[in-house]
Every structure is written in structure tokens, then in C-alpha cells.
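I have placed the structure first, in the form of C-alpha cells, so that the comments after it can refer back to it.
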Amino acid sequence: MAQVDPQQDAADEFLDSLMETSLYSMGAFFPDEHPDLVDEVIAQSESIEERGLRRYAADNEMSVEECFETLLTGLAVRYYKAVAA
């Protein structure tokens with residue numbers, strides 16, 4: 001009979017719980033709908049993170065809200081990729 005590893009079971013349970021979030025769902029949805037934009041949205045979100053919402057918005061003639069949505073989408077895709085890997 002196979003031995004049960006309680007630490008592995010706890011890790012699996014934790015990872016399963018991460019898949020039940022709206023951020024995970026958003027991260028899974030975006031690549032399915034826009035596979036050609038995944039790398040671009042991740043790169044943009046990283047630039048927004050580095051420069052800040054207001055500065056990135058001003059430099060790129062975007063609203064702060066639009067920048068926030070891009071940032072959140074990029075974070076969601078990265079979150080999904082990390083959890084699903």
C-alpha cells in the first residue's frame with residue numbers, strides 16, 4: 001500500500017485552493033481568448049509595475065483605469081501560469 005505524505009497532501013490542497021480564485025479564472029480566460037496578446041500584456045504589466053500607474057498612463061496616453069486593468073490582467077496571467085505549471 002502506498003504511503004501518504006502529509007506534507008505533499010497539504011501542498012496539493014493549498015494549490016487546489018489557489019485555483020478557486022477569480023484571479024486564477026481571469027488568468028486562465030485571457031490566454032484562451034487572446035493567445036497572441038499574452039506576452040504583450042505581461043510585458044505591459046511589468047512596465048506599469050516598474051513605473052507606476054499614473055506615470056505609465058501619462059506616458060502612454062492611457063487612463064489610469066485602463067492601466068490598472070492591464071496590470072491586473074498581466075498579474076492574473078502570471079498567477080495562472082505559476083499555479084498551473
Side-chain angles (χ1 to χ4, degrees):
M1 184 155 66
Q3 192 115 25
V4 175
D5 180 357
Q7 287 184 331
Q8 183 63 44
D9 285 348
D12 290 346
E13 189 175 313
F14 175 71
L15 287 173
D16 287 345
S17 74
L18 296 177
M19 293 179 189
E20 297 173 7
T21 65
S22 58
L23 191 61
Y24 182 88
S25 297
M26 181 193 299
F29 175 80
F30 188 83
D32 286 346
E33 294 296 312
H34 310 286
D36 53 321
L37 298 177
V38 170
D39 292 338
E40 181 179 335
V41 79
I42 289 173
Q44 283 183 325
S45 73
E46 289 171 346
S47 291
I48 294 167
E49 181 181 344
E50 291 170 5
R51 295 165 63 198
L53 287 169
R54 287 185 181 161
R55 184 171 170 203
Y56 189 91
D59 291 348
N60 291 279
E61 299 179 2
M62 298 170 68
S63 70
V64 171
E65 293 85 2
E66 187 179 7
C67 284
F68 178 73
E69 289 173 10
T70 301
L71 173 66
L72 191 58
T73 301
L75 291 172
V77 171
R78 289 169 43 204
Y79 177 86
Y80 167 76
K81 290 172 79 173
V83 172

Side-chain donor/acceptor pairs under 3.5 Å, residues 67-85, sequence neighbours excluded:
| unit_1 | atom_1 | unit_2 | atom_2 | d |
| --- | --- | --- | --- | --- |
| T70 | OG1 | E66 | O | 3.1 |
| T73 | OG1 | E69 | O | 2.8 |
| Y79 | OH | L18 | O | 3.1 |
| Y79 | OH | T21 | OG1 | 3.4 |

Run the ring pair (Phe, Tyr, Trp, His ring centres under 6.0 Å) test against Y56 and tell me which residues pass, sequence neighbours left out. none
Look at the side-chain heavy atoms of Ile, Leu, Val, Met, Phe, Trp and Tyr, link any pair under 4.5 Å apart, and say whether Y24 and V41 land in one connected group. no
Starting from L23, can I reach V38 by hopping between I/L/V/M/F/W/Y residues whose side chains sit under 4.5 Å apart? no
Atom CG of residue position D32 - does it have more than 12 heavy atoms of other residues, nucleotides or ligands inside 6.0 Å? yes
Distance, nearest 0.5 Å, that separates CD of E46 from CZ of R51: 13.0 Å
Verify, without hydrogens or angle tests, whether D5 (side chain) and Q7 (backbone) share a donor-acceptor contact under 3.5 angstrom. yes
First locate atom CG of L53, then atom OG of S63, and finally report the distance between them rounded to the nearest 0.5 Å. 10.0 Å
